[in-house]
Amino acid sequence: MSEPVEAHLEGCIRFEARAQKALYERLAPKMLAVCARYARSTFDAEDILQDGFIKVFQKIGDFSGKGSLEGWVRRIMVRTAIDHYRKTKKQDKEVDIDEQFTDELSAEMVDQLSVDYLLSLIQTLPSGYRIVFNLFAIEGYSHKEIAQQLAINESTSRSQYTRARALLKKRISEDNQHKSIFRDVI
């Protein structure tokens with residue numbers, strides 16, 4: 001059984017390379033998955049991960065010990081992803097969806113989807129939609145908190161979340177139609 005991540009805390013506070021490496025190796029795979037949900041590509045996710053760990057090691061002395069170290073690192077990764085989004089926001093072109101889909105994703109549809117497939121779908125969302133979707137649906141932030149973090153209106157957060165869900169549902173439905181057509185041909 002491996003030691004808890006907190007075992008590396010004191011060494012990281014003293015900027016010991018061995019402790020930093022151990023903490024990084026222990027948390028990087030999980031944190032890369034967090035970053036990937038916010039990123040457009042694997043390259044961007046790795047960039048966010050690297051920037052996030054730099055912040056972690058610079059601020060690790062500020063960790064209060066309340067809650068888990070892993071949770072604290074995760075919050076830094078999410079904030080770093082949001083910062084990355086803000087920096088690249090002007091470069092991205094947002095897509096507007098005229099029609100609204102109000103149907104819920106069925107539980108059966110979600111159960112059939114692989115994690116990799118869902119991640120790839122989330123990564124195709126326009127940046128604003130992707131960030132809001134992750135913060136609300138996965139991280140559990142309220143629309144008010146999202147609006148404050150992204151410097152947008154609360155209604156914009158709700159709208160982008162609704163549109164993200166609609167776009168995901170549409171893409172899943174289209175993919176399922178293509179798969180059924182392919183199955184009919186075989």
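Closest approach of Ala45 to Cys35, counting heavy atoms only: O-CB, 3.6 Å. In terms of heavy atoms, Thr124 sits closest to Arg40 at O-NH1, 3.3 Å.
Atom-to-atom distance recorded for Ile13:CD1 and Gln20:CD is 11.0 Å, nearest 0.5 angstrom. Atoms CG and OG1, on Leu167 and Thr162 in that order, are 12.5 Å from each other to the nearest 0.5 Å. Thr42 contributes atom OG1, which lies 12.0 Å from atom CG of Leu49 (distance to the nearest 0.5 angstrom). In this structure, NE2 on His143 lies 8.0 Å from CD on Glu154, to the nearest 0.5 angstrom. For the atom pair Ile76 CD1 and Ile60 CD1, the distance stands at 8.0 Å (nearest 0.5 Å).
Note: the hydrophobic cluster containing Tyr129 does not contain Ile48 (ILVMFWY, side chain heavy atoms under 4.5 Å, direct or indirect links). In the hydrophobic cluster analysis, where Ile, Leu, Val, Met, Phe, Trp and Tyr join through side-chain heavy atoms closer than 4.5 angstrom, Phe15 is grouped apart from Trp72. The hydrophobic clustering, which links ILVMFWY residues whose side-chain heavy atoms are closer than 4.5 Å, places Phe63 and Ile54 apart. Residues Leu119 and Val34 are members of separate hydrophobic clusters, defined by side-chain heavy-atom contacts under 4.5 angstrom among Ile, Leu, Val, Met, Phe, Trp and Tyr.
Looking at Ile131 and Gln160, their side chains never come closer than 4.5 Å, going by heavy atoms from C-beta outward. Contact of the Glu6 side chain with the Ser68 side chain is registered, since non-hydrogen atoms from C-beta on lie closer than 4.5 Å. Residues Arg37 and Arg130 have side chains not in contact (no heavy-atom distance under 4.5 Å, counting atoms from C-beta outward). Residues Leu168 and Leu118 form no side-chain contact, since every pair of their non-hydrogen atoms from C-beta on lies 4.5 Å or further apart. Side-chain contact check for His84 versus Thr80: every heavy-atom pair is 4.5 Å or farther apart. Between Leu27 and Phe53, the closest side-chain pair of non-hydrogen atoms falls below 4.5 Å. Tyr38 places a side-chain heavy atom less than 4.5 Å from the side chain of Leu135. In this structure, Glu139 and Arg75 have side chains that are not in contact, with every pair of non-hydrogen atoms separated by 4.5 Å or more.
No more than 12 heavy atoms of other residues, nucleotides or ligands shown are found within 6.0 angstrom of OH on Tyr24.
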Quiz item: So Ile146 and Tyr161, side-chain contact (heavy atoms from CB on, under 4.5 Å) or not? Walk me through it.
Solution: CA-CA 11 Å; Ile146 295 167; Tyr161 175 71; over 6 Å; no
Exercise. With side-chain contact (heavy atoms from CB on, under 4.5 Å) as the test, would you mind laying out the steps for Arg14 and Glu10 before giving the verdict?
Key: CA-CA 6 Å; Arg14 291 189 302 269; Glu10 289 302 318; 3.6 Å; yes
Quiz prompt | Step-by-step side-chain contact (heavy atoms from CB on, under 4.5 Å) determination, Ile152 to Ser157 | solution = CA-CA 7 Å; Ile152 60 176; Ser157 176; 4.1 Å; yes
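Two rings, from Tyr141 and Phe136, have their centers 6.0 Å or more apart.
Distance alone, capped at 3.5 Å, places no donor-acceptor pair between the Glu25 side chain and the Ala22 backbone. Ser159 places no side-chain N or O within 3.5 Å of a backbone atom of Thr156 that could act as its donor or acceptor partner.
Within the structure, the salt bridge (Lys or Arg N to Asp or Glu O under 4.0 Å) test picks out the following pairs touching residues 51-73 (sequence neighbours left out): Lys30-Glu70, Lys55-Asp83.
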